[in-house]
Amino acid sequence: MSEHSLNDQIQAAFGYEELLVPAIFQQWTEQVLDAAEIRPGHSVLDVACGTGVLARAALGRVGRAGHVSGIDPGPGMLAAAERLAPQVEWRQATAESLPYPTGSFDAVVSQFGLMFFTERREAVREMLRVLTPDGRLAVAVWDSLENNSAYAAEVALFDRLAGKPAGDAMRAPFVLGSREDLRTLFNGAGVSSVTIATRPGRARFANIRSMIEADLRGWLPVMGVVLDEERIEHILAEAETALAHYVSTDGAMVFDLSAHIVTGSKR
């Protein structure tokens, strides 16, 4: 990878961290860590850690006696994560082939990453493998697109103005929205005592522009879709009408979200 390409990935990762983490992702960390029953002294693995929002929260729970590791396939994400929390062990790896011995962690967690794994069942098996015999697994995924209406409206906007690749990049996070499919996946991977809790959340951006720009400049580049400035400005202008329904009285872009948190253990 060229230095220029890595720098672009790092820039996109920091855009993701600055624009999307506080507006959307931060609110789920404590729920995932609660589901994994993480306590002081635990060893924790964050799979598909991204810029490390979940790993950083786990670090605060395990304390000095504990240990937190994070893996991600993206060098840009890991570079940003390392700058934000150098005390976490960050490693470049895929979920389907975790670089750790069997039984290494008291808890394995993953927040909004499972949807992007190439072999999801093998990834869940790997997460289960590296757990201690009494360890806990907790994985968050988004509910279906039809239950996240603001993003459904954004997908339609992107399809119309930027083409199917941009629309598909926004559909991708919602592909595991079916509770039945999730249960089949986790049971099929050998997870015991599977529970699925559907939790409400709320996104808040300063305005429509900041919400759409976060995806145009933060999420789409991470997914390999880069639009020119003229196209970006056109979409931002059209979004003011397409998403006006979600603007609150103070001008902020506020909308409900829904996610599933799947928990389980070894047999």
S.K.: Which pair of heavy atoms, one from Leu128 and one from Ser265, lies closest together, and at what distance?
M.R.: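 Nearest heavy atoms, Leu128 then Ser265: CD1-O, 3.6 Å.
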
S.K.: Output the distance between atom CD1 (Ile38) and atom CD (Glu30), rounded to the nearest 0.5 Å.
M.R.: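 Rounded to the nearest 0.5 Å, the CD1-CD separation comes out at 9.5 Å.
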
S.K.: Could you tell me the separation between the CZ atom of Arg56 and the CD atom of Gln26, rounded to the nearest 0.5 Å?
M.R.: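 Rounded to the nearest 0.5 Å, the CZ-CD separation comes to 7.0 Å.
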
S.K.: Indicate, with yes or no, if Leu45 and Val68 share a hydrophobic cluster defined by side-chain heavy-atom contacts under 4.5 Å among Ile, Leu, Val, Met, Phe, Trp and Tyr.
M.R.: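 Result: no, two separate clusters.
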
S.K.: Is it true that a side-chain atom of Ser104 and a backbone atom of Pro101 form a donor plus acceptor pair closer than 3.5 Å?
M.R.: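 Judged by distance alone, yes, a pair lies under 3.5 Å.
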
S.K.: Would you confirm whether Arg183, through its side chain, and Val194, through its main-chain N or O, come within 3.5 Å as a donor-acceptor pair?
M.R.: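 At least one qualifying donor-acceptor pair exists.
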
S.K.: With a cut-off of 6.0 Å (strictly less than), are more than 12 heavy atoms of other residues, nucleotides or ligands near CD of Glu82?
M.R.: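 Correct, the count exceeds 12.
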
S.K.: Give the minimum heavy-atom separation between Asp106 and Gly41, together with the two atoms involved.
M.R.: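 Distance-wise, the nearest heavy atoms are OD2-O, 4.3 Å.
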
S.K.: Using every non-hydrogen atom in the two residues, find where Pro165 and Val225 come nearest and quote the distance to one decimal.
M.R.: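 Looking at all heavy atoms of both residues, the closest pair is O-CG2, 3.9 Å.
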
S.K.: Under the ring-ring contact (aromatic ring centres under 6.0 Å, His included) definition, can you give me all pairs with a residue in residues 31-79, not counting sequence neighbours?
M.R.: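 Matches after skipping sequence neighbours: none remain.
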
S.K.: Checking Leu20 against Asp215 for the side-chain contact (heavy atoms from CB on, under 4.5 Å) test, could you report, in this order, the C-alpha distance in whole Å, the side-chain angles of both residues, the deciding distance, and whether it holds?
M.R.: CA-CA 8 Å; Leu20 293 173; Asp215 288 326; 3.9 Å; yes

S.K.: Drop me the distance from Met253's CE to Arg209's CZ, to the nearest 0.5 angstrom.
M.R.: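 Reported to 0.5 Å precision, the distance equals 14.0 Å.
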
S.K.: For the pair Arg129 and Glu126, find out whether any cationic side-chain nitrogen is under 4.0 Å from an anionic carboxylate oxygen.
M.R.: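 Salt bridge flag = yes for Glu126 with Arg129.
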
S.K.: Is there a side-chain contact between Thr118 and Thr94, using heavy atoms and a 4.5 Å cut-off?
M.R.: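 Counting from C-beta outward, Thr118 and Thr94 never come under 4.5 Å.
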
S.K.: Compute both the distance and the angle, then confirm whether Arg91 meets the cation-pi test with Tyr100: under 6.0 Å from the six-membered ring centre, within 45 degrees of the axis.
M.R.: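 That pair qualifies as a cation-pi contact.
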
S.K.: Would you kindly confirm whether Trp28 and Val109 end up in one hydrophobic cluster when ILVMFWY residues are joined by side chain heavy atoms under 4.5 Å apart?
M.R.: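 Trp28 does not cluster with Val109.
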
S.K.: To the nearest 0.5 Å, tell me how far Asp46 CG sits from Ser110 OG.
M.R.: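 It comes to 6.5 Å.
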
S.K.: How many angstroms lie between atom CZ of Arg204 and atom OG of Ser210, to the nearest 0.5 angstrom?
M.R.: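 Rounded to the nearest 0.5 Å, the CZ-OG separation comes to 10.0 Å.
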
S.K.: Could you pull out the closest heavy-atom pair between Met223 and Ala169, with the gap in Å?
M.R.: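 Heavy atoms of Met223 and Ala169 come nearest at CB-CB, 4.0 Å.
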
S.K.: Of the non-hydrogen atoms in Ala242 and Leu157, which two are nearest, and what is the gap between them?
M.R.: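 For Ala242 and Leu157, the tightest heavy-atom pair comes out as CB-CD1, 4.1 Å.
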
S.K.: Show the numbers, then the answer: is there a salt bridge (charged side-chain N to carboxylate O under 4.0 Å, His left out) between Arg121 and Glu96?
M.R.: CA-CA 9 Å; Arg121 182 170 294 186; Glu96 295 87 351; over 6 Å; no

S.K.: Give a yes or no on whether the backbone of Leu185 and the side-chain of Arg120 come within a donor-acceptor separation of less than 3.5 Å.
M.R.: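 A pair under 3.5 Å: no.
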
S.K.: In sequence, state the C-alpha distance, the side-chain angles, and the governing distance for Arg61 and Asp34, and then conclude on salt bridge (charged side-chain N to carboxylate O under 4.0 Å, His left out).
M.R.: CA-CA 10 Å; Arg61 288 206 180 192; Asp34 285 345; 2.6 Å; yes

S.K.: Are side-chain heavy atoms of Ser193 and Thr263 found at a separation under 4.5 Å?
M.R.: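 Ser193 does not reach Thr263 side chain to side chain.
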
S.K.: Would you say the side-chain atoms of Asp72 pair up with the backbone N or O of Gly50, donor to acceptor, closer than 3.5 Å?
M.R.: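 Yes; judged by distance alone, with no hydrogens or angles, the pair exists.
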
S.K.: State yes or no: do Leu54 and Val47 share one hydrophobic cluster built from I, L, V, M, F, W and Y residues joined by side-chain heavy-atom distances below 4.5 Å, directly or via other members?
M.R.: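 No; tracing contacts between hydrophobic side chains, which count when under 4.5 Å, never links both residues.
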
S.K.: May I ask you to check whether over 12 heavy atoms, not counting those of Gln87, lie within 6.0 Å of atom CD?
M.R.: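 Buried by this count: over 12 neighbours within 6.0 Å.
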
S.K.: Hey, could you give me the CD1/CG distance between Ile212 and Leu19, rounded to the nearest 0.5 Å?
M.R.: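 Those atoms lie 12.0 Å apart.
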
S.K.: Got Ile261 and Val32 here, is their nearest side-chain heavy-atom distance under 4.5 Å?
M.R.: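 The answer is yes, as the side chains (C-beta and beyond) meet within the 4.5 Å cut-off.
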
S.K.: Are Met170 and Met115 joined in one hydrophobic group, where the rule is that I, L, V, M, F, W and Y side chains link up if heavy atoms are under 4.5 Å apart?
M.R.: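 Same hydrophobic cluster.
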
S.K.: Taking all non-hydrogen atoms of both residues into account, name the closest pair between Gly52 and Trp90 and its distance.
M.R.: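 So the minimum-distance heavy-atom pair works out to CA-CH2, 3.7 Å.
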
S.K.: Kindly assign one of parallel, tilted or perpendicular to the pair Tyr151 and Phe174, based on the angle between their ring planes and the thresholds 30° and 60°.
M.R.: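 Answer is tilted, since the angle falls between 30° and 60°.
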
S.K.: The test is side-chain contact (heavy atoms from CB on, under 4.5 Å); show your working for Phe117 and Glu122 and say whether it passes.
M.R.: CA-CA 9 Å; Phe117 298 165; Glu122 183 59 31; over 6 Å; no

S.K.: Cluster question for you: counting only ILVMFWY and a side-chain heavy-atom cut-off of under 4.5 Å, with indirect links fine, are Val155 and Ile208 together?
M.R.: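 Result: yes, single cluster for both.
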
S.K.: Do Leu216 and Phe158 have side chains that get closer than 4.5 Å, going by heavy atoms?
M.R.: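 A side-chain contact under 4.5 Å exists here.
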
S.K.: Could you tell me whether Glu119 atom CD has more than 12 heavy atoms of other residues or ligands within 6.0 Å of it?
M.R.: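 No, because the 6.0 Å sphere around CD of Glu119 holds 12 heavy atoms or fewer from other groups.
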
S.K.: Between Phe112 and Phe25, how do the two ring planes meet: parallel, tilted or perpendicular, split at 30° and 60°?
M.R.: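 If you compare the ring of Phe112 with that of Phe25, the planes turn out tilted.
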
S.K.: Test side-chain contact (heavy atoms from CB on, under 4.5 Å) on Ile24 and Trp142 and set out the steps.
M.R.: CA-CA 11 Å; Ile24 298 174; Trp142 293 116; 3.5 Å; yes

S.K.: Yes or no on side-chain contact (heavy atoms from CB on, under 4.5 Å) for Phe186 and Leu137, after CA distance, side-chain angles and deciding distance?
M.R.: CA-CA 10 Å; Phe186 279 77; Leu137 175 67; 3.9 Å; yes

